[in-house]
Amino acid sequence: MSVDLSAVRRIAHLARIEVTEAETPHLQGEINAILKFVEALDAVDVDGVEPMTSVIPMRLPMREDVVTDGGIAPLVLANAPMTEDGFFVVPKVIE
Amino acid sequence: MTDPTSLTLAEARDRLKSRAMSSREITKAHLEAIERAKALNAFVAVTADKALAMAEASDVRLARREGGPLEGLPIGVKDLYATRGVHTQACSHILDGFKPTYESTVTAHLWRDGAVMLGKLNMDEFAMGSSNETSYYGPVASPWLPPNWSRDQARAALMDGKRGLLSPGGSSGGSSAAVAARLCLAATASDTGGSIRQPAAFTGIVGIKPTYGRCSRWGMVAFASSLDQAGPLARTVRDAAIMLRSMAGPDPKDSTCSPDPVPDYETAVGRSVKGLTIGVPREYRLEGMNAEIEALWAEGAEWLREAGANVVEVSLPNTRHALPAYYIVAPAEASSNLARYDGVRYGLRQPGADIVELYEKTRASGFGAEVRRRLMIGTYVLSAGYYDAYYVRAQKIRTLIKRDFERVFADGVDAILTPATPSAAFGIGEKSSADPVEMYLNDVFTVTVNMAGLPGIVAPAGLSSEGLPLGLQLIGRPFDEETLFSLAEAIEQSAGRAKLPEAWW
């Protein structure tokens with residue numbers, strides 16, 4: 001499989017990464033090189049094989065359903081590039 | 001008087017315990033060494049005041065005959081570990097100015113045991129790379145001189161963009177360079193596809209990626225969560241064992257972290273390997289393989305045989321699928337993990353007319369080229385219509401890879417011996433061709449271990465004809481790091497510890 005220029009633009013948008021027209025052909029070449037590299041996997045017989053979900057067999061540990069954290073809003077906001085009155089600030093999202 | 005930076009971690013520990021040296025003295029010597037080695041670019045942040053304060057507190061405890069297993073020992077921390085109030089950016093521009101308000105579990109364990117933090121170490125951006133060249137903070141120069149280079153020539157190159165100097169490997173290139181250049185007694189590193197083991201091989205030091213789940217991932221900047229594992233880089237097998245014991249251990253904040261207690265790995269160092277069965281996988285004998293690497297591998301098997309181990313040929317038929325499958329699984333998980341860098345909650349922000357533009361502009365300017373490429377591949381293989389063909393298929397192949405190892409271990413093999421890397425260290429800028437796959441091939445011997453969640457250790461085993469270090473890898477059963485330490489020490493004994501380069505920088 002390989003991607004065309006419009007697919008590169010679509011993938012970039014899905015990944016929320018702005019790409020310029022000038023860099024699109026270059027990216028297309030690199031992505032196709034990687035897709036070509038992984039093409040060999042198409043020949044592997046995986047019939048009846050379960051996909052791996054956990055690399056080490058272990059049971060998901062359970063803990064008591066209680067609050068263990070919280071009340072640290074200033075710490076959560078400490079690294080935000082823009083805040084106001086204890087909130088993250090973003091451009092208007094609702095018209 | 002002994003230069004404290006020439007000591008191993010174990011020797012420094014013993015001198016602190018006997019009060020022959022103080023932590024302040026050892027820490028100061030390392031801070032001075034870091035200052036003199038600035039041009040190597042191994043450290044991206046030096047925490048000198050913090051280091052001296054920690055050292056003084058350690059000296060107080062040591063004077064009272066108290067203190068933990070690492071009391072007073074100065075170490076470096078890869079920039080991927082969250083350290084409270086200290087530069088933590090995984091060497092990415094997108095985490096510009098980020099200073100966590102919390103501490104990673106692994107580093108918290110190290111400070112609990114008395115270690116002293118010297119600073120944060122350079123790395124490939126978000127650990128995506130095998131040469132440390134994708135770092136926002138620039139490449140790191142290996143302390144090893146390129147073949148036939150004079151010290152003056154190398155010093156001149158340091159001032160000129162490091163052209164022609166050797167890469168210390170990656171992604172833990174700052175960690176490997178700092179340990180090999182004696183800027184710290186040991187360092188933390190992390191390994192998603194070989195990022196501890198390849199830098200160890202390139203710089204003539206020891207690195208272990210423990211079993212998935214042995215160390216907590218909490219507070220480590222995530223790359224690919226089902227593959228990432230913490231581990232140490234150190235100058236001897238014993239030092240790596242001492243470090244791992246402190247780094248590992250249960251953590252309720254990471255549900256994939258093993259609840260089992262951590263053995264005292266140091267007691268495995270020097271233990272006899274007599275009677276152990278070592279597998280040599282025929283599929284690792286690649287077509288067109290470097291003859292020196294092949295000879296070293298055979299020599300390593302011979303050393304273990306002389307030490308009393310049985311060496312048998314084994315088969316891991318799905319080996320060749322591991323690297324392509326990795327380049328689906330790892331980018332897929334990365335594209336999900338790195339979605340959090342949105343310009344809203346932390347780090348860099350580029351203004352946009354609306355929220356989507358803000359995301360797109362922030363991520364375009366904050367991520368470097370390699371990270372952008374992998375995020376796009378990951379987004380593609382997870383997108384509607386391609387998920388089954390790529391991601392699910394790769395995860396099925398992962399099951400096959402793991403089964404290969406399980407079968408070999410069930411047949412009575414205790415550990416598997418392989419080369420660490422396809423070649424000795426390459427030069428900075430040497431592999432910057434248009435084809436990203438060329439760099440990916442560096443991980444061909446290491447990546448299977450991450451795909452199967454197994455422990456793997458690399459120890460220096462000799463020098464190439466050009467005088468550069470070469471390493472061998474041992475792969476173990478899940479949670480059997482002890483056998484790896486015993487075997488790696490047998491290799492270390494036979495090969496002799498790599499003579500690290502004298503300072504030319």
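Numbers restart at 1 for each chain; the letters A, B, ... are given by sequence-line order, proteins then strands. These numbers come from a predicted model, not from an experiment.
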Trainee: Which atoms of B/Leu358 come close to chain A, meaning under 4.5 Å heavy atom to heavy atom: side chain ones, backbone ones, both, or neither?
Mentor: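 Side chain of B/Leu358 only, per the 4.5 Å heavy-atom cut-off to chain A.
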
Trainee: Who wins among B/Gln395, B/Lys99, B/Met451 for the most heavy-atom pairs under 4.5 Å with chain A?
Mentor: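 Max contact count across the listed options: B/Gln395.
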
Trainee: Between B/Val262 and B/Arg214, is there a side-chain heavy-atom distance shorter than 4.5 Å?
Mentor: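 The answer is yes; the side chains approach within 4.5 Å.
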
Trainee: So what's closer than 4.5 Å to chain B heavy atoms on A/Glu23: side chain, backbone, both or neither?
Mentor: side chain

Trainee: If I measure from the heavy atoms of chain A, does B/Val437 come under 4.5 Å with its side chain, its backbone, both, or neither?
Mentor: side chain

Trainee: Would you mind telling me which of A/Val90, A/Asn79, A/Leu14 has the largest number of heavy-atom pairs within less than 4.5 Å of chain B?
Mentor: A/Asn79

Trainee: Between A/Glu50 and B/Thr399, do the side chains contain an N or O donor and an N or O acceptor separated by less than 3.5 Å?
Mentor: no

Trainee: Measure distances from B/Leu441 to the heavy atoms of chain A and classify the residue's part below 4.5 Å as side chain, backbone, both or neither.
Mentor: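 The side chain, not the backbone.
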
Trainee: Does B/Val444 reach the side chain of B/Pro422, with side-chain heavy atoms less than 4.5 Å apart?
Mentor: yes

Trainee: With a 4.5 angstrom heavy-atom cut-off, is it the side chain or the backbone of B/Tyr102 that approaches chain A, or both, or neither?
Mentor: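 For B/Tyr102, neither part sits under 4.5 Å from chain A.
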
Trainee: Between B/Tyr390 and chain A, which part of the residue has a heavy atom less than 4.5 Å away: side chain, backbone, both or neither?
Mentor: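 The side chain, not the backbone.
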
Trainee: State whether a side-chain donor-acceptor pair under 3.5 Å links B/Thr448 with B/Thr319.
Mentor: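 No - no donor-acceptor pair under 3.5 Å links their side chains.
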
Trainee: What part of A/Val8 gets within 4.5 angstrom of chain B, counting heavy atoms only: side chain, backbone, both, or neither?
Mentor: both

Trainee: Do B/Glu370 and B/Arg373 sit within salt-bridge range, that is, some charged N less than 4.0 Å from a carboxylate O?
Mentor: yes

Trainee: Who wins among B/Pro324, B/Gly343, B/Gly97 for the most heavy-atom pairs under 4.5 Å with chain A?
Mentor: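 Option with the top pair count is B/Pro324.
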
Trainee: Answer with side chain, backbone, both or neither: which region of A/Asp69 has an atom nearer than 4.5 Å to a non-hydrogen atom of chain B?
Mentor: neither

Trainee: Could you check which of B/Lys402, B/Lys396, B/Arg320 has the highest count of heavy-atom pairs closer than 4.5 Å to chain A?
Mentor: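 Top count of heavy-atom pairs under 4.5 Å with chain A: B/Lys396.
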
Trainee: Under 6.0 Å between ring centres, would you say that holds for B/Tyr341 and B/Phe126?
Mentor: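 Ring centroids of B/Tyr341 and B/Phe126 are less than 6.0 Å from each other.
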
Trainee: Between chain A and each of B/Leu348, B/Leu323, B/Asn318, B/Asp96, count heavy-atom pairs under 4.5 Å; write down the option with the most.
Mentor: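 Option with the top pair count is B/Leu323.
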
Trainee: Under 4.5 Å heavy-atom distance to chain B, tell me which part of A/Leu60 shows up: side chain, backbone, both or neither.
Mentor: side chain

Trainee: Check whether the side chains of A/Glu18 and A/His13 place a donor and an acceptor atom closer than 3.5 Å, and report yes or no.
Mentor: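 There is no such pair (donor and acceptor under 3.5 Å, judged by atom type) between the side chains of A/Glu18 and A/His13.
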
Trainee: Heavy-atom distance under 4.5 Å to chain A: side chain of B/Ala353, backbone, both or neither?
Mentor: backbone

Trainee: Could you give me the CA-CA distance, side-chain angles and deciding distance for A/Arg16 and B/Thr362, then say whether side-chain contact (heavy atoms from CB on, under 4.5 Å) is met?
Mentor: CA-CA 9 Å; A/Arg16 297 290 184 267; B/Thr362 298; over 6 Å; no

Trainee: Check whether the ring centres of B/Tyr346 and B/Phe98 lie less than 6.0 Å apart, and answer yes or no.
Mentor: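 Ring centres of B/Phe98 and B/Tyr346 closer than 6.0 Å.
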
Trainee: B/Arg403 versus chain A, heavy atoms under 4.5 Å apart: side chain, backbone, both or neither?
Mentor: side chain

Trainee: Is the shortest side-chain N to carboxylate O distance from B/Arg217 to B/Asp228 below 4.0 Å?
Mentor: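 Salt bridge absent between B/Arg217 and B/Asp228.
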
Trainee: Sort B/Ser255 into side chain, backbone, both or neither according to what part of it lies under 4.5 angstrom from a heavy atom of chain A.
Mentor: both

Trainee: Determine whether the side chains of B/Arg477 and B/Thr211 contain a donor N or O and an acceptor N or O closer than 3.5 Å.
Mentor: no

Trainee: Could you tell me which of A/Val89, A/Thr83, A/Val44, A/Leu75 has the largest number of non-hydrogen atom pairs under 4.5 Å with chain B?
Mentor: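 Looking at each option in turn, the highest pair count goes to A/Val44.
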
Trainee: By a 4.5 Å heavy-atom criterion (distance strictly below it), what part of B/Pro259 contacts chain A: side chain, backbone, both, or neither?
Mentor: side chain

Trainee: Does any heavy atom of chain B fall under 4.5 Å from the side chain of A/Ala78, the backbone, both, or neither of them?
Mentor: side chain

Trainee: Testing the basics here: between B/Ala364 and B/Arg372, what is the closest heavy-atom pair and its distance to 0.1 Å?
Mentor: O-NH1, 3.2 Å

Trainee: For B/Ala325, is it the side chain, the backbone, both, or neither that has a heavy atom closer than 4.5 Å to a heavy atom of chain A?
Mentor: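 For B/Ala325, backbone and side chain are both near chain A.
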
Trainee: Measure A/Leu41 against the heavy atoms of chain B and call it side chain, backbone, both or neither at under 4.5 Å.
Mentor: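 Both backbone and side chain.
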
Trainee: Does the ring center of B/Tyr440 lie less than 6.0 Å from the ring center of A/Phe37?
Mentor: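 Not close enough - the centres of the two rings lie 6.0 Å or further apart.
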
